[in-house]
Amino acid sequence: MAMNGQPGCPAVAPIDHVYGTLGIVGARTTQDYSEKSELKSEIEGVGSFTFFAPSNDAWDLLDPEIRASLLSNVNIELLNALHYHMLDRRMLTKDLKNGMTLISMFNKQPLQINHYTNGIVTVNCARIIHGNQIATNGVVHVIDRVVTAVGNTIEDFIDAEDDLSSLRTAAIASDLMGKLGKPGQYTLFAPTDEAFEKLPRNVLERIMADKKAAEALVNYHILDTVQCSEAIMGGGVYDTLEGSPLQIGCDGDSLTINGKKLVNRKDIVTSNGVIHLIDEVLIPDSAKQVLELAGSQQTTFTDLMAQMGLAASLKADSEFTLLAPLNDAFSEETMRMDQRLLKLILQNHIIKQKVCS
């Protein structure tokens, strides 16, 4: 079959070495930096490499101070950074398994691989946007951000981050801090101190003083899988360690939790998972007192319970069932009743044991 006026079979695109392949896939900045750092001769030569090459846009997204620091010391800092994006063997995307840890060419530092059921592959939560460009001495995968070395655990990050002191207190109170320092594949939606400050003070103090409630609260923010933001294409339901599910989705560039944009910093990669900082505390039913389970259509009932002093009688160390009427159930005649009679009626809506429907 002739093609473009030439006889014979169509020509196959020529295969170049890894350095040349960086140009073929359009990763010109990475190619330029490979020359500046003297990596060029290594990836032109004999060997078998995998290069997770940041795209041009990825370099532009990198913090300007970090980028300037790399370029100020190309033979050490920049070369180390590029070696961290490389493996000393060829691995196609089909070889990159979910939860796999690979050893990079920089000081044997690990790279965390996630291969999701929707086909997305991430490296330290950087998404492969152009994979499997074969070279004569390896393969190039273009990624959408520059990755940095990971050494700390989730526990280390919480312990060191000033803005997570309230979460740290809750994790320690619930004996969960140590768990977050052990090997695993976790996602932590970490509420900032500002998020905790939005809670009513009495609610926050009650939860912190109750080990079971604190444990339920912290576990409700943890998944036992790594969910990088780049892998979340649409809505999905994920079970938390507390047992209740969270609805995780995306709205443009923003992650959503239960339909709300709560994430203010995403994809903080650690050796045992990923952290997304959120600006609202998620409280599961298991961390609430019974009266807090009432919804927005039962506010008349909850207000009256407080006014009559009945809310205070619902002790945290006991179990209750409330038969909570909707707001519309309270007629004007009911609201004009003698307070003693109204209190008696409300007491008839309290069962002093837990009764499931």
Side-chain angles (χ1 to χ4, degrees), residues 13 15 18 21-22 24-27 29-31 34 43 48-62 81-106 108-135 137-151 154 183-188 223-238 248-250 252-255 263 266-276:
I15 298 178
V18 167
T21 303
L22 292 173
I24 292 173
V25 297
T29 303
T30 299
Q31 187 181 48
S34 297
I43 58 178
S48 183
F49 307 105
T50 297
F51 203 145
F52 299 107
S55 68
N56 299 334
D57 289 341
W59 286 106
D60 291 338
L61 291 172
L62 186 63
L82 292 173
H83 270 150
Y84 185 58
H85 290 74
M86 295 177 60
L87 309 175
D88 61 1
R89 54 184 168 137
R90 186 174 79 171
M91 296 193 74
L92 303 179
T93 53
K94 68 179 178 63
D95 304 315
L96 301 175
K97 307 301 182 183
N98 191 50
M100 176 183 282
T101 299
L102 299 174
I103 302 303
S104 75
M105 291 178 61
F106 166 59
K108 296 185 177 180
Q109 289 293 310
L111 289 166
Q112 309 295 336
I113 304 297
N114 288 97
H115 198 146
Y116 296 93
T117 55
N118 59 9
I120 290 174
V121 182
T122 61
V123 183
N124 286 11
C125 281
R127 181 178 175 180
I128 294 178
I129 55 177
H130 182 170
N132 299 327
Q133 188 68 38
I134 302 298
N137 57 349
V139 63
V140 173
H141 307 294
V142 181
I143 57 176
D144 67 355
R145 70 184 76 170
V146 179
V147 297
T148 53
V150 173
I154 293 175
Q185 291 277 306
Y186 301 114
T187 297
L188 172 66
L223 311 179
D224 64 358
T225 58
V226 172
Q227 297 298 326
C228 299
S229 65
E230 291 291 340
I232 299 172
M233 303 296 290
V237 178
Y238 302 88
I248 312 298
C250 58
D253 291 333
S254 301
L255 279 182
V263 178
K266 56 190 179 182
D267 292 336
I268 302 166
V269 180
T270 71
S271 62
N272 61 345
V274 63
I275 302 168
H276 307 293

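The figures here come from the full heavy-atom set of this structure, side chains too, leaving out hydrogens, waters and symmetry mates. Throughout, residue positions are numbered sequentially from 1 according to the sequence presented.
- Once rounded to the nearest 0.5 Å, the distance linking CE of Met105 with CG of Leu87 reads 8.5 Å.
- Contact detail for Asn56 and Thr29: the closest heavy-atom pair is OD1-N, 3.0 Å.
- Here His141 contributes atom NE2 and Ile129 contributes atom CD1; the two are 13.0 Å apart, rounded to the nearest 0.5 Å.
- When atom types are taken as modelled, the side chain of Thr93 and the backbone of Gly131 share no donor-acceptor pair closer than 3.5 angstrom.
- Of the possible donor and acceptor atoms, none in the side chain of Asn272 sits under 3.5 Å from a partner among the backbone N and O of Gly184.
- Contact check for Ser104 versus Leu102: no side-chain heavy atoms found under the 4.5 Å cut-off.
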Subject >> Trace of the side chain to side chain contact (heavy atoms under 4.5 Å, CB included) decision for Leu96 with Ile128 >> reply: CA-CA 11 Å; Leu96 301 175; Ile128 294 178; 3.9 Å; yes
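- The heavy-atom pair separating Ala231 from Ile120 by the smallest distance is CA-CD1, 3.9 Å.
- Under the 3.5 Å distance criterion, the side-chain polar atoms of Asn114 are left unmatched by any main-chain donor or acceptor of Gln227.
- Taking every heavy atom of both residues into account, Met100 and Met91 meet most closely at SD-CE, 4.1 Å.
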**OP:** Evaluate the side chain to side chain contact (heavy atoms under 4.5 Å, CB included) criterion for residues Ile43 and Met86: first the C-alpha distance (whole Å), next the side-chain angles of each, then the deciding distance (0.1 Å), finally the verdict.
**Re:** CA-CA 10 Å; Ile43 58 178; Met86 295 177 60; 3.6 Å; yes
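- Qualifying ring pair (Phe, Tyr, Trp, His ring centres under 6.0 Å) partners for His276, counting only residues two or more places apart in sequence or in other chains: Phe189.
- Contact of the Phe51 side chain with the Thr30 side chain is registered, since non-hydrogen atoms from C-beta on lie closer than 4.5 Å.
- Within the 4.5 Å cutoff, the side chain of Gln133 has heavy atoms near those of the Ile24 side chain.
- Side-chain contact between Val147 and Gln112 is absent, with no heavy-atom pair separated by less than 4.5 Å.
- To the nearest 0.5 Å, atom OG1 of residue Thr122 and atom CD1 of residue Ile113 are 7.0 Å apart.
- Distance check: Ile143 CD1 to Cys125 SG gives 11.5 Å after rounding to the nearest 0.5 Å.
- Applying the side chain to side chain contact (heavy atoms under 4.5 Å, CB included) criterion to Ser254, with sequence neighbours excluded, gives Lys261.
- With contacts defined as side-chain heavy-atom distances shorter than 4.5 Å, the pair Gln185/Thr225 does not qualify.
- Checking side-chain atoms of Thr270 against main-chain N and O of Gly273 turns up a donor-acceptor pair under 3.5 Å.
- Here the closest heavy-atom approach between residue Val142 and residue Ser55 is recorded as CG1-CB, 3.8 Å.
- The backbone N or O of Leu111 sits nowhere less than 3.5 Å from a side-chain atom of Asn124 that would complete a donor-acceptor pair.
- For Asn137 (side chain) and Val18 (main-chain N/O), a donor-acceptor pair under 3.5 Å exists by modelled atom type.
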**OP:** Determine, stepwise, if the pair Asp144 / Glu230 fulfils side chain to side chain contact (heavy atoms under 4.5 Å, CB included).
**Re:** CA-CA 9 Å; Asp144 67 355; Glu230 291 291 340; 3.0 Å; yes
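- Minimum heavy-atom separation, Asp267 to Val274: CA-CG2, 3.6 Å.
- Once rounded to the nearest 0.5 Å, the distance linking CZ of Arg145 with CG of Asp57 reads 13.0 Å.
- Although no hydrogens or angles enter the test, the distance criterion places no donor-acceptor pair under 3.5 Å between the side chain of Tyr84 and the main chain of Lys108.
- Pairing each heavy atom of Thr50 with each of Arg90, the nearest pair is OG1-CA, 3.2 Å.
- Atoms OH and CG, on Tyr186 and Leu223 in that order, are 11.5 Å from each other to the nearest 0.5 Å.
- Contact of the Leu92 side chain with the Ile134 side chain is registered, since non-hydrogen atoms from C-beta on lie closer than 4.5 Å.
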**OP:** List the steps, then state whether side chain to side chain contact (heavy atoms under 4.5 Å, CB included) holds for Ile232 with Tyr116.
**Re:** CA-CA 9 Å; Ile232 299 172; Tyr116 296 93; over 6 Å; no
